[in-house]
Amino acid sequence: MRDDEKRALERAIAEITEVAKGFGLDFYPMRYEICPADILYTFGAYGMPTRFSHWSFGKAFHRMKLQYDLGLSKIYELVINSNPCYAFLLEGNSLIQNKLIVAHVLAHCDFFKNNVRFANTKRDMVESMAASAERIRAYEIQYGKLEVERFLDAALAIQEHIDPSLLRPKLRWKRHEPPLSEEPKKPRTPYDDLWKLDETGEVRAAKREPIKKRKFPPEPEKDLVLFIEEYSTVLEDWQRDILTILREEMLYFWPQLETKIMNEGWATYWHTRIMRELDLTEDEIIEYARLHAAVIQPSRTSINPYLLGYRIFEDIERRWDHPTEEEQRRFGRKPGQGRRKIFEVRELDSDTSFLRDYLTKELVEELDLYLYAKSGNDWVITDKAWETVRDQLVALRINGGFPYITVQDGDYLRNGELYLKHHYEGVELDLKYVEKTLPYVYQLWGRSVHLETVVENRGVLFTYDGRKVHRRFL
Amino acid sequence: MRHQEKVKEAIRENLGDLITEESIILSNGRDVVKIPIRSLDEYRFRYNWQKQQHVGQGNGKSRVGDVIARDGQAAGPGKGKGAGDLPGDDYYEAEITVAEIEEMLFAELELPNLKQKEMENLVVEDIRWNDVRKKGLMGNIDKKRTLLTALKRSALAGKPFRITVDDLRFKTWEEVVRPHTNAVVIAMMDTSGSMGTFEKYCARSFFFWMTRFLRTKYQSVEIVFIAHHTEAKEVSEEAFFTKGESGGTICSSAYRKALEIIDTRYPPSRYNLYPFHFSDGDNLTSDNERCVRLVKELINRCNLFGYAEVNQYQRHSTLMSAYRHIKDPKFVHCIIREKADVYKALKTFFSNPQTAN
């Protein structure tokens, strides 16, 4: 980048930052860096500039890079949820592109800082991931690259199955309940048992109760990664450490999965507002408009989060600025509250509640959203009723879009086997993938692993016993 | 990067399937081919895309019942944002050039029974400067090394700097000699009625790779195509692979034709000869004895005689049982039951008996 270009960009950043502050956006101190495509795409594939290495990131990199090389899609920027906040700009962006990106990124950072889902994320994750990567590299040296890779393959297969709830302490049941069966207390004196003769049959039955198998875990456990980390009998210390690392990283990334539509919508909303405030030449305006149009381009086969989120935020603002008479009467909504309302939404909601509460009938119809499904070889539109569309959109976002699986029993058949349950909500699992994933869980747990799910409306139990996967109807 | 290693690994494991991949054989070796690599899947618990309802966005005119995409069509899933998780992207595709496959495949193959042909064919191809000596031609003196040696020696001895005869260093060269060799592949194929598309396809992929392999070893490789049923005739490559014939099978006719061509055009003293015969083994029984005799004659003239029987259904083959008795290291036979066996055949034919055992 030439010096004068750099100065122009610096001036633009200062100006945009001022405008954003004026709008009330509240972000961390920003650090901008200009990166060549190779570097930017590496960060994109790893999700972080300092993450440990695994071949799957290489695969992601190649896929993204290929699309870039073919001109199919392009990452213009990458922003990291951290304090200070790092934003990486693609080398070769024009000044106007960078202006849009800076405005966009400031809104992302405001979102990271203020949305409640991000409240628990580590703001020094860059350093912490660098340290983890260092540890994993040390394990590679000590235990061999292939050994570590073999373990990472297995651990990454279940990495989404953590418990990201905000308020729940991890494995709360373990504190007051020591795991597994305790021996019934032995009589202290030879005559102690004589006292028992006094007890009625009822009391005796009650006393025998604890000998019955105690449930383990006492209630279904969502955090599969943590459960395995704590209770697997086959893991080495370094392997438990890797599970901790992966879980921490997933907890860090989780809010981003949960607020994709909101986050992108918020950033898009603000880059349009900020760009309007800037003094642009005619050419710049045209270039900006073209870029903005590319960002919010709809797709027939998927949802563009930039567009959907953007339109919902604008719609909220409008409805709270100009409430109908009915809304004023029923909800006591006063006109002119739009800005205040969207700031409240960006703080309190996540995609599921955002869609459920603010995706209106008018919006679904205006955006022409529909549901489609497979019929024979074709993908066909099946439904356009706004409530079904909305509910399906919400359903797709639940649990970050991953199947909801809990540990039902960590001592199944009294044999230390692991019994998992997929909480079926109308969508079947990819069975081929189930059969390939169970061996990974087995590798981590060390004993037979079971997964209960539903196939064609019948309960099915998949079991992997170390040799092959069995399937049996329940 | 580890990812690329894994791609290579996956390709190596699947060589058998890959080399019979139609797109490669038909690409004439120029193109880049895309191959699915399933061992690079990242397995996890996930929903079945095919059975899920998805949300899309229309242009305002969409109606229930509209088809928005079709499987296996570019216009369908896989375009636009979020393409990564649509069914079209179910597995990972690696791009690979035929040259890369060759490199891996040929690393596993060797030329057996290679013989020096007439000495007059040896030609000097190049010279290589690869040695430094104390004696040599003044014109080839290595000034830098000479000075360095002189400096070292005088410094060690503590005497003023002088170049002595002992310090002189000369560059020397080596002649790189490559035998100017010719190889001839005599491709014989049974085109009787019993040879179907599958049989021909196997033969075709085999000859495709064999020719390419021999080209890396010899300066020029010529191929003679002989098609036979009850009679044999020399044909063009195109006719060899495409023409369907009918009738019975007399294999000896092909061998006789091969002998005739060798004797008139390719004297064994000058050429490395590789006759290969593809058949389904359904030979006229009375002809078998004559075949064995002619094969022996061919072996005397050739580097290697290969007989491959394409036999999908495990039929009993009279020709194969006759050939089982030929015990000569230059005679190699194998059976191809499925496409992937072409790879096996290549490995059987082109391995050195000494190193293999």
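Model, not experiment: these values are computed from the prediction. Naming convention: chains lettered A, B, ... in sequence-line order (proteins, then strands); numbering from 1 in each chain.
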Contacting moiety of Glu366(A), where chain B heavy atoms sit under 4.5 Å:
neither

Separation of Phe45(B) CZ from Leu420(A) CG (nearest 0.5 Å)
6.0 Å

Could you tell me which portion of Glu160(A) (side chain, backbone, both or neither) has an atom closer than 4.5 angstrom to a non-hydrogen atom of chain B?
side chain

Name the orientation class of the two ring planes belonging to Tyr433(A) and Tyr43(B) (parallel below 30°, tilted from 30 to 60°, perpendicular beyond 60°).
perpendicular

Look up atom OG1 in Thr437(A) and atom CD in Glu42(B), then write down how far apart they are to the nearest 0.5 Å.
11.0 Å

Considering only heavy atoms, which portion of Leu396(A) lies under 4.5 Å from any heavy atom of chain B: side chain, backbone, both, or neither?
side chain

Tell me if a side-chain donor or acceptor on Arg44(B) pairs with a main-chain N or O of Leu156(A) at a distance below 3.5 Å.
yes

Which heavy atom in Asp368(A) sits nearest to a heavy atom in Ser62(B), and how many Å separate them?
OD1-OG, 2.7 Å

Donor-acceptor pair, distance only, cut-off 3.5 Å: does the side chain of Glu428(A) make one with the backbone of Lys51(B)?
no

Checking Leu308(A) against chain B: side chain, backbone, both or neither under 4.5 Å from a heavy atom?
neither

Is it true that, when you exclude Lys436(A) itself, more than 12 heavy atoms of the residues, nucleotides or ligands shown sit nearer than 6.0 Å to its NZ?
no

Distance col, row Tyr47(B):OH vs Leu429(A):CG, nearest 0.5 angstrom, shows 7.5 Å

Interface moiety of Val441(A) toward chain B, non-hydrogen atoms closer than 4.5 Å:
side chain

Please determine, among Leu431(A), Leu438(A), Ile405(A), Val427(A), the option with the most heavy-atom pairs under 4.5 Å with chain B.
Val427(A)

Quick check against the 3.5 Å criterion: does Gln57(B) have a side-chain atom that pairs as donor or acceptor with the backbone of Leu367(A)?
yes

Segment of Phe402(A) engaging chain B (4.5 angstrom heavy-atom cut-off)
backbone

Which heavy atom in Ala69(B) sits nearest to a heavy atom in Thr301(A), and how many Å separate them?
CB-CG2, 4.4 Å

Given Val55(B) and Leu371(A), is the side chain to side chain contact (heavy atoms under 4.5 Å, CB included) satisfied, shown in steps?
CA-CA 5 Å; Val55(B) 187; Leu371(A) 292 182; 3.6 Å; yes

For Tyr404(A), which atoms come within 4.5 Å of any heavy atom of chain B: side chain, backbone, both, or neither?
backbone

What's the separation between atom NZ in Lys432(A) and atom CG in Asn48(B), rounded to the nearest 0.5 Å?
11.0 Å

Non-hydrogen atoms of chain B under 4.5 Å away: do they reach the side chain of His161(A), the backbone, both or neither?
side chain

Correct closest heavy-atom pair for Gln53(B) and Gln392(A) would be O-NE2, 2.9 Å

Relative to chain B, which of Gly401(A), Gly426(A), Ala157(A) shows the most heavy atom pairs under 4.5 Å?
Ala157(A)

With rounding to the nearest 0.5 angstrom, report the OH to CD1 distance, Tyr370(A) to Ile68(B).
4.0 Å

Checking heavy atoms, do the side chain of Glu435(A), its backbone, both or neither come under 4.5 Å from chain B?
neither

Tell me, side chain or backbone of Leu451(A) under 4.5 Å from chain B's heavy atoms, or both, or neither?
side chain

